[in-house]
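A short worksheet on the structure shown next.
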Amino acid sequence: MPSDITYALEGAIALIGLDRPQKRNAINDALVEALRDAVERASAEAKVAVIFGHGDHFSAGLDLAEHAERTPIEGIHHSRKWHAIFDRIERGAIPFLSAIHGAAVGGGMELAAATQIRVADEGAFFALPEGQRGIFVGGGGSVRVARLITAARMADMMLTGRVLSAAEGVQAGFVQYLVPPGEALAKAKELAARIAANAPLSNFAIINALPRIQDLSHDDGLFFESLMAAMTQTSPDAQERLRAFLEKRAERLAVPGGKT
Ligand code: 1HE
């Protein structure tokens with residue numbers, strides 16, 4: 001069956017490619033369902049996954065041709081479907097990275113916001129033209145993008161159509177790694193390899209506990225943190241890794257200017 005998603009497993013890393021370049025990887029129902037299947041497959045067989053776009057762009061967001069036909073209730077179900085898949089990316093079984101080049105617009109930016117790490121090349125750009133299109137974000141952007149870049153910046157982008165360059169994406173707190181043109185996927189894979197070497201339980205705690213703790217009060221957050229800390233540190237994996245450090249078998253931190 002033809003799919004708008006490519007999937008490959010390279011060792012412990014799943015590579016999920018948005019593959020509808022003739023429509024700038026605009027996300028229609030078929031693509032979002034194929035993405036869901038790829039995310040589930042990666043969650044079952046990989047330690048980490050990278051999402052990237054084929055062609056000249058990451059994604060032009062919601063498929064506007066398909067969206068124009070929806071009734072209000074269909075619109076709600078459509079948005080909730082995106083929410084379920086993007087939540088599986090953000091708070092699921094394994095960490096996800098996005099490797100961004102070209103446009104990450106509307107729903108494309110929302111998809112990138114669901115991944116834990118965003119790597120962008122210098123030609124990437126970000127926009128939320130929902131105001132111009134007469135719609136609102138529906139892929140979790142008002143929760144995730146607003147938290148990453150602040151609601152004020154997001155409102156500016158939605159109201160005025162402001163486009164952020166990749167460098168502005170870094171300043172705004174959206175992009176964590178900025179790389180030369182064409183190098184986003186390679187950098188994301190390099191980071192993914194490091195993540196895959198972590199203890200799986202730590203990775204799980206990082207992607208699941210950290211975002212939830214942000215929703216808790218100070219006191220509840222600290223309590224939740226203690227539970228996660230105790231659970232991870234008593235795992236056999238942690239005990240072996242702590243021993244490796246004490247016995248000087250562990251890889252050293254890449255301290256700037258320090259010995260490695
Ligand atoms: C599309 C879409 C799309 C391109 N839905 N068909 N997203 C947007 O408002 C962004 C709309 N797209 C663009 O602004 C531009 O396409 C790009 C800046 C991303 C790329 O420009 P360019 O010059 O490379 O491509 P193009 O010539 O504009 O588009 C090529 C084709 O892709 C063309 O179709 P064709 O049949 O005429 O060749 C476009 O119609 C098609 N195309 N983007 C459908 N988005 C869960 S809620 C989320 C809300 C949103 O995401 S709102 C933001 C929607």
Side-chain angles (χ1 to χ4, degrees), residues 2-5 17-36 38-39 51-90 96 98-115 118 120-149 151 153-169 172 174-175 181-182 184:
S3 169
D4 296 324
I5 292 282
L18 310 176
D19 194 17
R20 214 184 158 215
Q22 71 286 4
K23 295 289 179 188
R24 308 310 185 248
N25 297 327
I27 304 172
N28 61 7
D29 277 351
L31 190 144
V32 92
E33 279 159 21
L35 176 64
R36 178 193 56 207
V39 166
I51 301 177
F52 67 98
H54 291 281
D56 294 336
H57 300 279
F58 181 73
S59 170
L62 178 70
D63 186 304
L64 296 169
E66 206 174 63
H67 200 63
E69 307 295 325
R70 287 199 181 91
T71 65
I73 190 67
E74 286 169 352
I76 292 175
H77 290 313
H78 174 262
S79 168
R80 299 298 291 157
K81 187 150 103 179
W82 283 44
H83 287 169
I85 298 161
F86 288 10
D87 247 14
R88 185 76 175 134
I89 293 171
E90 191 200 24
F96 283 78
S98 36
I100 306 167
H101 72 298
V105 172
M109 188 171 183
E110 292 180 287
L111 171 58
T115 64
R118 285 159 293 283
D121 83 10
E122 285 160 0
F125 59 94
F126 305 93
L128 296 168
E130 279 80 356
Q132 291 151 269
R133 308 277 178 250
I135 56 176
F136 192 68
V137 284
S142 57
V143 175
R144 295 194 187 92
V145 176
R147 284 189 179 178
L148 287 168
I149 72 172
R153 280 201 186 91
M154 183 169 175
D156 178 16
M157 292 176 75
M158 291 181 74
L159 288 168
T160 67
R162 182 173 183 170
V163 177
L164 298 188
S165 67
E168 288 169 329
F174 194 74
V175 171

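Ligands are counted one by one from 1 in listed order, and the atoms in each one are counted from 1 as well. Positions are given from 1, in the same order as the sequence printed here.
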Practice task
Could you verify whether a donor N or O on one side chain and an acceptor N or O on the other, from His77 and Arg80, lie under 3.5 Å apart?
Solution key: no
Practice task
For residues 120-146, pull every pair meeting salt bridge (Lys or Arg N to Asp or Glu O under 4.0 Å), keeping only residues two or more places apart or in separate chains.
Solution key: Asp87-Arg144, Glu90-Arg144
Practice task
Report all protein residues having a heavy-atom distance below 4.0 Å to some atom of ligand 1; order the list by chain, then number.
Solution key: Gln22, Lys23, Arg24, Ala26, His57, Ala60, Gly61, Leu62, Asp63, Leu64, Trp82, Ala103, Val105, Gly106, Gly107, Glu110, Pro129, Glu130, Arg133, Ile135, Gly138, Gly139
Completion exercise
Those residues at least two apart in sequence (or on a different chain) that pass salt bridge (Lys or Arg N to Asp or Glu O under 4.0 Å) with Arg147 are Asp215
Exercise for the section: Could you check if a side-chain atom of Met154 sits within less than 4.5 angstrom of a side-chain atom of Val137, using non-hydrogen atoms only? Expected result: yes
Handout entry: Residues that Arg88 engages under side chain to side chain donor-acceptor pair (under 3.5 Å), provided they are two or more places apart
Key = Glu40
Exercise for the section: For residues Ala112 and Ile100, report the shortest heavy-atom separation together with the two atoms involved. Expected result: CB-CD1, 3.8 Å
